[in-house]
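On a predicted model such as this, the values are computed, not experimentally measured, just so you know.
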Amino acid sequence: MYLTRKFHIEGTEQLERLSRSSADLWNSICKWYWRTVDRQDHWISKTAMRRWHCKGHDVLPSQTAQEVAGQFYEAIGSWHDNDRKGNPPKRCDKTYNVLRWTYQGVTLREDGVLRLSTKRGEDSILIDWPVDEEPRTVEIGKASDGFVVRAQYDREPVDRTTGDKVAGVDLGEKHLAAVFTCDDAFTINGGELRALRHYQNSLKAKLDAKIDRKERGSNRWKKLVETKRKQLDHIDNKITDLLHKLSRKVVEMLLERRVSAVGIGDVRGIRDRIDYGTKMNQRLHQWVYGEFARMIEYKAELAGITVERIDEAYTSQECPKCGHRKKPSGREYTCSECSFHGHRDVVGAANIRRKYVGQEPTGSKTRLLGVMASPLGVRFRPHLSCSSRSGRKTSRQSV
């Protein structure tokens with residue numbers, strides 16, 4: 001499994017020069033690509049473009065120069081794959097561009113330092129690397145406070161499971177995840193994430209209103225634009241950090257409950273199928289279910305837990321006891337046929353688990369027997385570092 005490590009490093013004169021040269025190369029490739037299309041109605045191939053612009057580059061090493069052409073043609077390919085909708089990659093006014101090295105130009109020294117190849121006669125780029133595995137690819141991009149390194153490396157899963165239980169996970173907007181095993185359930189509260197999103201939206205609206213009142217291109221306008229970018233980036237980083245912590249919490253609680261297999265509800269495309277009004281649509285379009293599901297998935301697989309995406313259609317409407325379908329109102333589900341009562345999101349997780357178990361050759365679509373206990377609610381409290389089963393860390397709740 002490939003993981004990505006991201007961290008900041010201080011800027012150097014060498015990185016500044018290489019990043020500017022990478023941008024100049026991108027601008028040149030972009031300019032001549034579209035000029036050839038307009039004048040000769042000819043689409044230049046990536047191989048021809050590399051021979052024309054990348055071979056024997058004055059500043060960039062050959063491999064890094066070829067990766068710049070690869071970045072441009074990746075953007076062109078995405079535009080074509082999207083049926084040429086939206087704006088094609090025509091801008092050729094970059095000041096900085098990403099530097100990329102593949103495994104051929106990356107060496108991990110015995111002292112834990114990455115050495116990135118450069119042009120012959122120049123000093124190599126040296127970066128402290130906090131992981132034992134040698135990365136396959138390394139990217140360095142310009143940031144406001146220096147440069148950002150993104151390195152992808154291979155990590156073998158380590159089986160930490162101690163049982164054979166199966167769990168179902170229902171993703172939601174109010175509760176980021178509701179998890180149901182064969183004998184208990186817990187929910188991950190999304191209140192902190194919603195608070196960050198609300199603050200992000202209000203801050204963006206406030207700064208946009210100030211920017212619109214200034215003359216475009218003035219010093220005050222530039223300062224406000226830079227302030228907006230920094231503050232929104234800071235909130236984005238807090239959201240990403242929160243998702244990592246909560247997804248790690250989910251996996252740890254699954255391991256505590258001796259779970260070895262998980263079915264996660266697949267809700268891709270839900271935002272294109274529903275319309276709940278302006279405010280709710282905004283919340284749904286900012287719903288980070290895809291990123292959160294991906295984080296749970298790869299963290300669980302690294303711990304040896306089998307993960308599979310399950311179609312979540314009607315899982316929150318179907319009674320897990322008798323199978324009768326009813327659209328619930330509020331956070332509680334009450335079956336009109338058998339009077340079954342339970343948390344709506346946990347009902348969805350129970351049905352996802354049943355679907356997953358029913359797909360296994362030796363399993364069966366067994367209905368839930370008896371009553372459903374109230375789930376254990378987990379809230380985000382960063383100042384506490386106690387066990388997930390501690391009463392200080394979690395509290396029982398049914399909302």
Table please: side-chain donor-acceptor pairs of residues 205-216 below 3.5 Å, with sequence neighbours left out.
{"residue": "Asp208", "atom": "OD1", "partner": "Lys228", "partner atom": "NZ", "Å": "2.7"}
{"residue": "Asp208", "atom": "OD2", "partner": "Lys204", "partner atom": "NZ", "Å": "3.1"}

Inset, instruction - Apply ring pair (Phe, Tyr, Trp, His ring centres under 6.0 Å) to His244 and list each qualifying residue two or more places apart in sequence or on a separate chain. - result: none
Inset, instruction - Would you tell me whether Asp24 and Ser22 have side-chain atoms, one donor and one acceptor, within less than 3.5 Å of each other? - result: no
Inset, instruction - Could you tell me whether a side-chain N or O of Trp34 sits under 3.5 Å from a main-chain N or O of Pro89, the two making a donor and an acceptor? - result: yes
Inset, instruction - Establish, from distance only, whether the side-chain atoms of Asn351 and Gln317 form a donor-acceptor pair under 3.5 Å. - result: no
Inset, instruction - Flag the pair Glu226 and Lys223 as a salt bridge only when some basic side-chain nitrogen lies within less than 4.0 angstrom of an acidic carboxylate oxygen. - result: no
Inset, instruction - Flag the pair His80 / Trp43 as yes when their ring centroid distance falls below 6.0 Å, and as no otherwise. - result: yes
Inset, instruction - Check the side chains of Thr102 and Gln63 for a donor-acceptor pair under 3.5 angstrom, ignoring hydrogens and angles. - result: yes
Legend entry - Smallest separation among heavy atoms of Cys182 and Arg353, with atom names: CB-NH2, 3.5 Å
Legend entry - Rounded distance [0.5 Å steps], CE in Met1 versus CG in Leu302: 4.5 Å
Inset, instruction - Run the salt-bridge test on Lys119 and Asp58 with the 4.0 Å N-O cut-off and return the result as yes or no. - result: no
Legend entry - Donor on one side chain, acceptor on other, Asp184 and Thr181, under 3.5 Å: yes
Inset, instruction - Inspect the contact between Arg294 and Glu291 and indicate whether a charged nitrogen and a carboxylate oxygen are less than 4.0 angstrom apart. - result: yes
Inset, instruction - Work out which heavy atom in Val250 is nearest to a heavy atom in Phe186; give both atom names and the distance. - result: O-CZ, 4.3 Å
Legend entry - Distance-only polar pair, side chains of Tyr96 and Glu16, donor-acceptor under 3.5 Å: yes
Inset, instruction - Compute whether any side-chain donor of one residue and acceptor of the other, for Thr334 and His341, lie under 3.5 angstrom apart. - result: yes
Inset, instruction - Answer with yes or no whether the side chains of Arg17 and Gln14 bring together a donor and an acceptor at under 3.5 Å. - result: no
Legend entry - N-O pairing of Arg160 and Glu252 below 4.0 Å: yes
Inset, instruction - Inspect the contact between Arg354 and Glu318 and indicate whether a charged nitrogen and a carboxylate oxygen are less than 4.0 angstrom apart. - result: yes
Inset, instruction - Could you tell me how the ring of Phe7 sits relative to the ring of Trp129: parallel (under 30°), tilted (30 to 60°) or perpendicular (over 60°)? - result: tilted
Legend entry - Under-4.0 Å salt bridge between Lys326 and Glu337: no
Inset, instruction - Using side chain to side chain contact (heavy atoms under 4.5 Å, CB included) as the criterion, point out the one residue from Asp170, Val179, Ile296, Ile352 that pairs with Ile264. - result: Ile296
Inset, instruction - Using a strict 4.0 Å threshold on nitrogen-to-oxygen distance, state whether Arg258 and Asp164 make a salt bridge. - result: no
Inset, instruction - Enumerate the residue pairs fulfilling side chain to side chain donor-acceptor pair (under 3.5 Å) with a member in residues 146-157, sequence neighbours excluded, ordered by first and then second residue. - result: Glu133-Arg155
